[in-house]
Amino acid sequence: MSKYNPKKIEKKIQKFWLKNNFFKTKVNTKKKKYFCLSMIPYPSGNLHMGHVRNYILGDIIARYQKLKDKNILHPIGWDAFGLPAENAAIENNLNPYTWTVKNIKIMKKQLKKLGISYDWDREIKTCDPKYYKWEQWLFIKLYKKKLIYKKRKIVNWCNKDKTVLANEQVINNKCWRCNALIKKKKLSQWFIKITKYADKLLEDLKYLKKWPPKVKKIQKNWIGKTKGFKIKLNIENIKKKLYIYTSKINILTSVRCISISKYHKLIRKNKNKKKIYKKINLLEKKKINNIWGLYSKINAIHPITKTLIPIWITNFTEELYNNDVILISSKYNEKHKIFIKKYNINKIKLIIKNKLYKKRKFIKKIKKEIKKKIILNIWKKKKNFKLKDWSISRQRYWGVPIPIVKINKKIQTVKIKELPIKLPLYKKINKKNLNPLKKDKFWSIIKKKNKKITRETDTFDTFMESSWYYARCTSPKYNKKIFNIKKANYWLPINLYIGGIEHATMHLIYFRFIHKIMKDLKLVICNEPATKIICQGIVLTKTFFYIKNNKKIWINPDKIKKIKNKFYCKKNKKIRIYYAGINKMSKSKNNGINPNKIINKYGADTLRIFIIFSAPIEQNLIWKEKGIKGCFRFLNKLWNLVVNFKNKNKNKYIFKKKTKTLILVEKKIIYITKNMNLSTNLNSIIAKIMEFTNLLIKLNNKKINFSFIKENIKKLLILLYPFAPHISYYLLTKIYHNKNINNDLKWPKINKDILNKEKYINIVVQINGKKKTIIKIKKNINKKILVKKIKKLTILNKLKIKKNIYIKNKIINFVTH
RNA sequence: ACCCAGAUGGUGAAAUGGUAGACACAAGGGACUUAAAAUCCCUCGAUAUUAAAAAAUCAUGCGGGUUCGAAUCCCGCUCUGGGUACCA
């Protein structure tokens with residue numbers, strides 16, 4: 001053994017693990033189970049540091065739980081459908097399949113290099129017909145349960161991606177993926193009734209005790225439950241009724257008008273429809289962002305005063321959100337106030353049933369009437385949710401075909417026998433034809449016995465695939481059913497699910513929802529898919545671009561050099577580089593830092609330690625390579641410690657029991673174990689392991705008891721094993737003189753008795769809460785003796801002590817005031 | 001606007017009512033070396049005092065409060081980040 005050469009040993013150890021099926025998922029019925037899952041990646045090209053953080057964290061916990069002697073399920077897969085593949089395919093003249101498969105290959109290699117403990121035989125690819133067959137199956141089941149419907153609705157439309165987006169996928173009125181402004185469009189779409197589960201999704205949040213409170217709060221707000229009243233209003237001169245939901249019923253005392261969307265029935269079925277739409281068009285053209293309204297010339301009748309309330313068409317009431325009918329008053333909402341002022345809408349007349357009142361009495365009277373109606377059960381309280389049904393169809397090619405056919409204009413699901421409906425693979429896809437399925441008449445039109453059958457050419461939202469994969473992971477090759485129910489119920493719920501906070505309202509809601517559906521279909525037993533979640537922070541880095549043909553072109557920070565506060569491209573200094581601030585690492589901004597560079601230079605273990613040590617896991621991390629040397633140095637020190645120790649002659653060591661050191665070590669192990677169980681403070685755990693290493697190096701130089709140090713080196717290497725598995729495993733094999741140390745890989749047991757051996761202890765002496773000195777004294781000493789001893793010290797001279805407070809074995813505070 | 005989280009050295013950060021700055025990075029000094037790298041040792045929040053050591057005072061965004069004792073709890077403010085954005 002000589003110098004620490006990570007490249008060599010990591011390769012060697014990885015090969016050994018693979019050869020010996022080290023990470024094969026096994027079930028030993030005597031042991032507990034642990035299902036550790038990191039959200040599967042989208043195969044975008046290269047792994048970047050954001051991925052690395054996610055998968056390393058999962059690996060640390062999975063390896064730790066294995067040391068705790070549990071059955072481990074730690075699977076991986078690829079969320080392989082989606083738009084970027086299509087866009088990249090168009091750009092590179094490939095097909096999405098080839099592009100995706102190529103990327104999976106690259107990223108798989110990188111994950112292997114990081115030494116993540118996956119059972120690769122269980123890998124899942126969502127673009128595999130054997131996988132999505134069961135998604136189509138599930139869809140048909142839901143269709144039959146009447147949880148699926150097709151409807152023309154206002155939807156969010158991204159003009160750049162040419163597709164529909166769910167509400168959850170719209171961020172600041174922009175597309176979550178490409179950041180283009182969203183347009184509202186009326187389109188026929190497939191929906192899944194997530195609203196039917198809204199109450200359950202909200203209620204069950206309280207059982208998720210190990211979920212980050214932040215995620216729960218975001219979900220709660222997103223579901224947005226309110227309790228209010230749905231009231232029926234008559235309309236002047238028209239037989240139709242108008243239903244209004246409001247959570248503040250007292251708004252009836254100050255209502256000025258009613259606002260409806262331009263698509264409301266009253267407008268769509270109006271005689272003057274054409275005229276009205278013409279006017280609306282003019283208004284819309286004028287100023288897009290301004291509030292506008294148009295009086296519909298229809299009036300509703302106030303349910304209590306019986307006076308008329310004008311109905312306005314406005315641009316801030318849309319069917320897409322909650323109701324498309326709302327009561328407008330200046331009292332509750334700033335926007336409404338502005339609207340009322342702008343159009344000078346009159347106050348409500350102080351008349352009830354033709355009787356004039358003074359303002360105060362008028363309000364009192366209305367409130368009384370409202371109460372009456374509630375007590376008489378004429379107006380009933382109703383729940384209302386902000387959550388809307390999930391639109392699951394997309395007008396793009398690279399996704400799961402929706403298993404629907406039209407037979408003579410009648411919509412039907414495909415027969416289960418016929419599944420999977422495979423997505424045809426084309427050599428190329430054309431920029432002008434973004435949904436080639438539509439034009440592929442071989443695929444979309446089937447002729448059977450004079451019947452003309454046409455297929456649905458929309459595909460699923462890719463969030464469908466990621467909503468149930470975790471259950472499939474329990475039996476990825478099972479082909480009789482969606483998954484092996486026995487196995488799913490053994491492994492579920494997920495013990496730890498790891499992913500980014502950005503999924504709080506998207507994936508993490510869909511995934512809970514689909515789980516609840518699967519529970520109702522009796523496919524799973526447990527109530528929630530995951531008992532614990534960690535949302536790791538985002539990895540950020542500097543972002544740069546240059547301009548070519550009036551287009552922003554993002555350039556990787558690796559290719560940039562800073563000279564005198566100006567940025568230059570390393571290859572071509574003439575190109576003007578613009579700095580775009582610090583952003584999330586992503587393919588779209590070309591600012592992903594490839595881990596390969598660091599692995600090649602320092603090894604995977606150093607990278608693993610560094611990314612965990614740099615910041616608390618929930619916190620965002622601005623990528624800086626500066627600290628990485630320190631982590632490499634630490635592993636080198638460890639290496640040298642073991643090498644030096646092994647090369648030394650046993651006989652030189654003096655036998656001496658070191659209780660003090662034992663206590664120090666035990667305290668560290670207790671701290672580390674406690675935090676490993678909670679998966680918290682991982683950065684501090686590394687700090688503790690560093691301290692432990694430094695301690696052993698010191699002791700080794702002092703030539704203390706050979707076997708004592710040997711035992712502690714073993715402990716140290718095991719504690720480090722989840723974080724830096726290669727070097728730890730390698731050094732352990734050297735210590736044990738055995739290549740297969742499987743049986744010795746066990747987390748050290750805590751021995752609290754050692755702590756009782758502690759005889760002397762440090763006590764902090766304070767005056768008025770400020771530290772003055774520290775004294776070493778016998779543990780559990782009597783307070784009176786302690787005070788006597790301290791009074792001998794000069795610090796208390798000339799002070800009038802009024803009282804003292806003693807915290808046992810910790811602190812004594814003398815108070816003078 | 002509303003809701004949530006946060007603000008600690010030159011930097012990443014420890015400390016969840018009890019010794020503020022653990023563990024690292026960077027920096028400076030020294031040893032080894034022809035030199036570099038690597039390694040090892042020392043200094044490292046601020047202030048003034050001292051030959052030096054020890055000790056002292058001030059420091060956790062700002063202003064108050066509770067407490068023997070506050071980075072931590074409470075009230076008010078400033079800034080930063082995140083969520084929501086019409087149904088009030």
Side-chain angles (χ1 to χ4, degrees), chain A residues 3-4 170-173 212-222 224 226 228 244-251 254 259 261 291 314-337 339 384-386 501-502 504-505 535 537-538 540 609-610 613-616 618-634 636-637 640 681 683-694 697 701 762-774 794-795 801-808 810-817:
Chain A
K3 231 180 142 186
Y4 172 45
V170 178
I171 296 159
N172 287 333
N173 206 28
K214 195 180 177 181
V215 175
K216 285 193 274 182
K217 212 151 235 169
I218 292 175
Q219 291 210 351
K220 192 187 157 195
N221 291 339
W222 186 262
T226 47
I244 292 189
Y245 174 85
T246 177
S247 63
K248 292 216 163 139
I249 192 74
N250 286 340
I251 196 173
S254 61
S259 160
S261 84
I291 297 173
T314 67
N315 64 338
F316 54 80
T317 310
E318 277 174 15
E319 164 194 321
L320 182 61
Y321 296 99
N322 204 344
N323 310 315
D324 54 350
V325 190
I326 51 178
L327 294 166
I328 303 287
S329 147
S330 64
K331 225 173 157 181
Y332 302 102
N333 187 298
E334 207 50 36
K335 218 175 203 176
H336 295 176
K337 213 174 178 177
F339 175 76
N384 196 55
F385 295 95
K386 216 182 73 181
I501 185 92
E502 67 272 21
T505 56
C535 289
I538 300 166
L540 306 153
I609 296 273
F610 176 64
F613 183 55
S614 298
E618 301 86 0
Q619 202 166 295
N620 288 352
L621 170 69
I622 297 171
W623 180 256
K624 278 176 194 158
E625 264 166 54
K626 266 188 176 174
I628 206 155
K629 267 190 188 172
C631 295
F632 186 59
R633 225 173 263 163
F634 159 61
N636 269 295
K637 270 194 206 170
N640 292 335
N681 295 333
N683 54 331
S684 296
I685 289 180
I686 300 218
K688 280 275 181 302
I689 294 176
M690 285 174 172
E691 278 176 23
F692 193 7
T693 312
N694 292 341
I697 289 171
N701 291 340
N762 286 332
I763 286 183
V764 175
V765 182
Q766 294 183 331
I767 295 173
N768 297 329
K770 282 200 172 174
K771 180 185 108 183
K772 289 294 160 189
T773 189
I774 296 169
T794 51
I795 35 165
I801 307 294
K802 284 195 177 162
K803 64 173 174 177
N804 59 53
I805 285 137
Y806 176 52
I807 310 295
K808 203 180 166 189
K810 212 170 195 177
I811 245 166
I812 182 152
N813 188 16
F814 292 94
V815 185
T816 62
H817 50 261

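Quantities reported herein were computed from a predicted structural model and do not represent experimental measurements. So that the names make sense, note that chain A is the first sequence line, chain B the second, and so on, each numbered from 1.
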Q: Report, as a single string ordered 5' to 3', how protein heavy atoms within less than 4.0 Å touch nucleotides 3-11 of chain B: B base, S sugar-phosphate only, - not at all.
A: -S-------
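Scored by the side-chain contact (heavy atoms from CB on, under 4.5 Å) test, A/Lys771 finds A/Val764 as partners (sequence neighbours excluded). Residues passing the ring pair (Phe, Tyr, Trp, His ring centres under 6.0 Å) test with A/Trp222: none are found, sequence neighbours excluded. With sequence neighbours left out, A/Lys688 forms a side-chain contact (heavy atoms from CB on, under 4.5 Å) with A/Lys668, A/Tyr671, A/Ile672, A/Glu691. A/Lys637 is linked by a side chain to side chain donor-acceptor pair (under 3.5 Å) to A/Asn694, counting only residues two or more places apart in sequence or in another chain. For A/Phe339, the ring pair (Phe, Tyr, Trp, His ring centres under 6.0 Å) partners at least two apart in sequence or on another chain are A/Trp312, A/Phe316, A/Tyr343. By the ring pair (Phe, Tyr, Trp, His ring centres under 6.0 Å) test, A/Phe692 is found to be paired with no residue, residues two or more places apart in sequence or in another chain being considered. Residues forming a side-chain contact (heavy atoms from CB on, under 4.5 Å) with A/Ile501 (at least two apart in sequence, or on another chain): A/Lys214, A/Val215, A/Cys535. Listed by chain and number, the residues in a salt bridge (Lys or Arg N to Asp or Glu O under 4.0 Å) with A/Glu618 amount to none (sequence neighbours excluded). Remark: A/Lys802 pairs with no residue by the side-chain contact (heavy atoms from CB on, under 4.5 Å) rule, at least two apart or across chains.
Annotation: B/rC41 and B/rU34 have their P atoms spaced 22 Å apart (nearest Å). Rounded to whole Å, the C1' atom of B/rU11 lies 25 Å from the corresponding atom of B/rU16. Separating the P atom of B/rA55 from that of B/rA20 is a span of 13 Å, rounded to the nearest Å. B/rG83 and B/rG76: their C1' atoms are spaced 25 Å apart (whole Å). B/rC74 and B/rA53 are spaced 43 Å apart, taking the P atom of each and rounding to whole Å.
If you take CD1 of A/Ile501 and P of B/rG82, they are 12 Å apart, rounded to a whole angstrom. One can place CZ of A/Phe610 at 11 Å from P of B/rA13, the figure rounded to the nearest angstrom. Taking atom CZ on A/Phe632 and atom P on B/rA26, their separation rounds to 14 Å, with Å as the unit. In this structure, A/Asn640 atom CG and B/rC40 atom P are separated by 8 Å, rounded to whole Å. One interatomic measurement links the two molecules: CD of A/Gln219 to C1' of B/rG82, which rounds to 15 Å at whole-angstrom precision. In this entry the distance linking CD1 of A/Ile244 with P of B/rA88 reads 11 Å, nearest Å. At whole-Å resolution of the value, CD in A/Gln619 and P in B/rG12 are 10 Å apart.
The side chain of A/Thr246 places no N or O atom within less than 4.0 Å of a non-bridging phosphate oxygen (OP1 or OP2) of B/rC87. Close to B/rC87, at under 4.0 Å from its OP1 or OP2, lies no side-chain N or O of A/Thr226.
In this structure, of B/rC68, B/rA26, B/rC87, it is B/rC68 that holds the atom nearest to the side chain of A/Val815. The A/Ala615 side chain lies nearest to B/rG12 when the options are B/rU84, B/rA56, B/rG12.
Residues A/Ile774 and A/Ile763 have side chains not in contact (no heavy-atom distance under 4.5 Å, counting atoms from C-beta outward). The shortest side-chain heavy-atom distance between A/Asn640 and A/Tyr4 does not fall under the 4.5 Å cut-off.
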Please tabulate the protein-to-nucleotide N/O contacts below 3.5 Å involving nucleotides 15-24 of chain B, giving atom names and distances.
{"residue": "B/rG18", "atom": "N2", "partner": "A/Gln766", "partner atom": "OE1", "Å": "3.2"}
{"residue": "B/rA22", "atom": "O2'", "partner": "A/Glu691", "partner atom": "OE2", "Å": "2.9"}
{"residue": "B/rA24", "atom": "OP1", "partner": "A/Asn694", "partner atom": "ND2", "Å": "2.7"}

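When heavy atoms are screened at a 4.0 angstrom cut-off, A/Pro616 is found touching the sugar-phosphate backbone but no base atom.
Stem regions for RNA chain B, each three or more consecutive Watson-Crick or G-U pairs with both distances under 3.5 Å and listed by first number, read B:1-7 with B:78-84, B:10-12 with B:23-25, B:27-31 with B:39-43, B:45-47 with B:56-58, B:61-65 with B:73-77.
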